[in-house]
Amino acid sequence: MNKVAPIKVTVWNECRHEKEDADVQEVYPETIGGCIVNHLKPYGFDLTLSTLDDPQQGWPDALIESTEVAIWWGHRYHDELSDALIDKLQARVLAGMGLIVLHSGHHAKLFKRLMGTSCNLSWREAEGGERERVWCLKPSHPIAYNIPPYLELPQSEMYGEPFDIPEPDELIFNSWYQGGEVLRSGCTFQRGRGRIFFFAPGHETFPIYRNEHIIQILANAIARAHQPHQSGWNLGNWGRPIPLEAGAPKQTYYKKPRKLMLAEKVEKAEKAKK
Amino acid sequence: MVIGLRITIFKETFCKRINGCGQSDSHNVFKQESEVETAQQSAASLVLSCAALLSGQHHSTALQTALIYPALADFARGLNKELALSAAALEQGTQPLGTLLSQGSARLQPLLSTIAARLEQQQSVEYLCFASACWLRYSMGFDGKGDTLVVEDALAQQLMQNRLDRWDHIDELMAGYLAINGLFPQALAVEPAFADRLSYWLCVILANGMGTALQILSIECRDYSARDFSTFASDKRTPA
């Protein structure tokens, strides 16, 4: 059998907490992105780590083009990302780049752009965290491959409903918190050719990305978000001047570009004067 | 080129077998075949350049560079297939697009002959009709933004006059093009199937602009019967 080329994954990490907060450095001395990359290595992906403080905010054009699946971890500095960069990333998702948005990335500019809603939710950062139970709602889904019926995370940040997102295409995980709240914590969306997965667990001061089941979910999600083909299309407006049915009314007049229309109007007026 | 090489080898073998030398009447037959292919390549370069330029590429861009755009590459592949040209024939075009556009009405003729031949055999002419429509659109003398395009062609004046006089109704505009003497072979101009498909693709180009029209061509004319199992290989990702 032909060897499958490794999926090109870019783990984009805001990576400011790790510079600014001692408690985060303690939990993730290798940074959050570094931890995710290290744990995903055994799965055979072609991994690149980039951060907000890298050139082009971690997204040079060549990397945007070559990335097949992006993992996004951001929190405090979403607004620093340039709108022009978000335009490019959004276009890349529509063209087929998979996107996995983690935890506080629910407020990332890119995610909000792709969802079209506020993506607000309810939240609580309880002292020492609180227990989260992540229920697997679709055990046969590819993202749930090799995952038990539920995961217990002893320390987590509460993210609860109402979560202002569009209706997910698929709801794979649902979280319950010690305080009683619940959240749709693992959701898929498709935008254009791009497959998106939002996954809520992953606070910066709790070692959630060292949990082997969480990493398995990320690996499954990468494989799922990877779009293996280029077929399908992304047409803005599809003008269909000739109908399929013979004899049905068709379009007979076509607008000229505005510049030409105005130029011809002026020319006509000048001729009329003469 | 593979086809060119094959023709040369076959020609030499054939001629030696018949006459014991490399020259005979058959030499002329092969020369004609080769000339036909060259003329078809010239026509294909012309229409691909028109499509590339009208979809926003710069006139100084080389044809082979322009063909990186997927929908244009799809068009080139489809055109190659209908013209029965070798796959690599057009990818060698290093000339800038702007140098490949002159005397289009004459250079288009081999392509039109192929349309007539394929229609006679009831074969598809979608890409060839799109190609013809590309050139008609170029002959209108303006690009997608409304800037002027200089059309160097023996029929340029008549083509422009037709566009100015008959723009307001597509059927009249088409009838005008089909009636221009020397543009389309007489037999082809009165062939309803040709007029129908040429008109269809010109309408699609006028309604959508060239960039989107190329995508529509790709969507509507793709061979969906082909089966591709390669993306369904088992790919479970568990740690090594």
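We use all heavy atoms of the structure for the numbers below, so side chains are in, but hydrogens, waters and symmetry mates are not. Lettering of chains follows the sequences in order, A, B, ..., and the numbering in each one begins at 1.
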Go through the atoms of [X] and report whether side chain, backbone, both or neither lie under 4.5 Å from a heavy atom of chain A.
X	value
B/Leu173	neither
B/Arg166	neither
B/Phe142	side chain

Considering heavy atoms only, which positions within [range] lie below 4.5 Å of chain A?
range	result
residues 174-188 of chain B	none
residues 103-140 of chain B	none
residues 143-162 of chain B	B/Asp143, B/Gly144, B/Lys145, B/Gly146, B/Asp147

Donor-acceptor contact below 3.5 Å, side chain A/Trp238 vs main chain B/Asn208:
no
Distance-minimising heavy-atom pair for [X] and [Y]:
X	Y	answer
B/Cys203	A/Ile242	SG-CD1, 3.7 Å
A/Tyr254	B/Trp167	O-NE1, 2.9 Å
A/Asn237	B/Thr212	O-CG2, 3.8 Å

Option passing side chain to side chain contact (heavy atoms under 4.5 Å, CB included) with A/Tyr253 (candidates B/Leu206, B/Ile170, B/Asp168):
B/Asp168
Nearest 0.5 Å, what's the NZ-OG distance between A/Lys250 and B/Ser199?
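These two atoms lie 5.0 Å from each other.
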Run the numbers on A/Thr252 and B/Glu172 for side-chain contact (heavy atoms from CB on, under 4.5 Å), then give the verdict.
CA-CA 9 Å; A/Thr252 58; B/Glu172 288 174 19; over 6 Å; no
More than 12 heavy atoms from other groups under 6.0 Å of NZ on A/Lys8:
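Not more than 12 within 6.0 Å, no.
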Residues forming a side chain to side chain contact (heavy atoms under 4.5 Å, CB included) with A/Ser156, sequence neighbours excluded
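Per chain and number, A/Ser156 pairs via side chain to side chain contact (heavy atoms under 4.5 Å, CB included) with A/Glu132, A/Tyr177, A/Ile208.
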Checking A/Lys41 against chain B: side chain, backbone, both or neither under 4.5 Å from a heavy atom?
neither
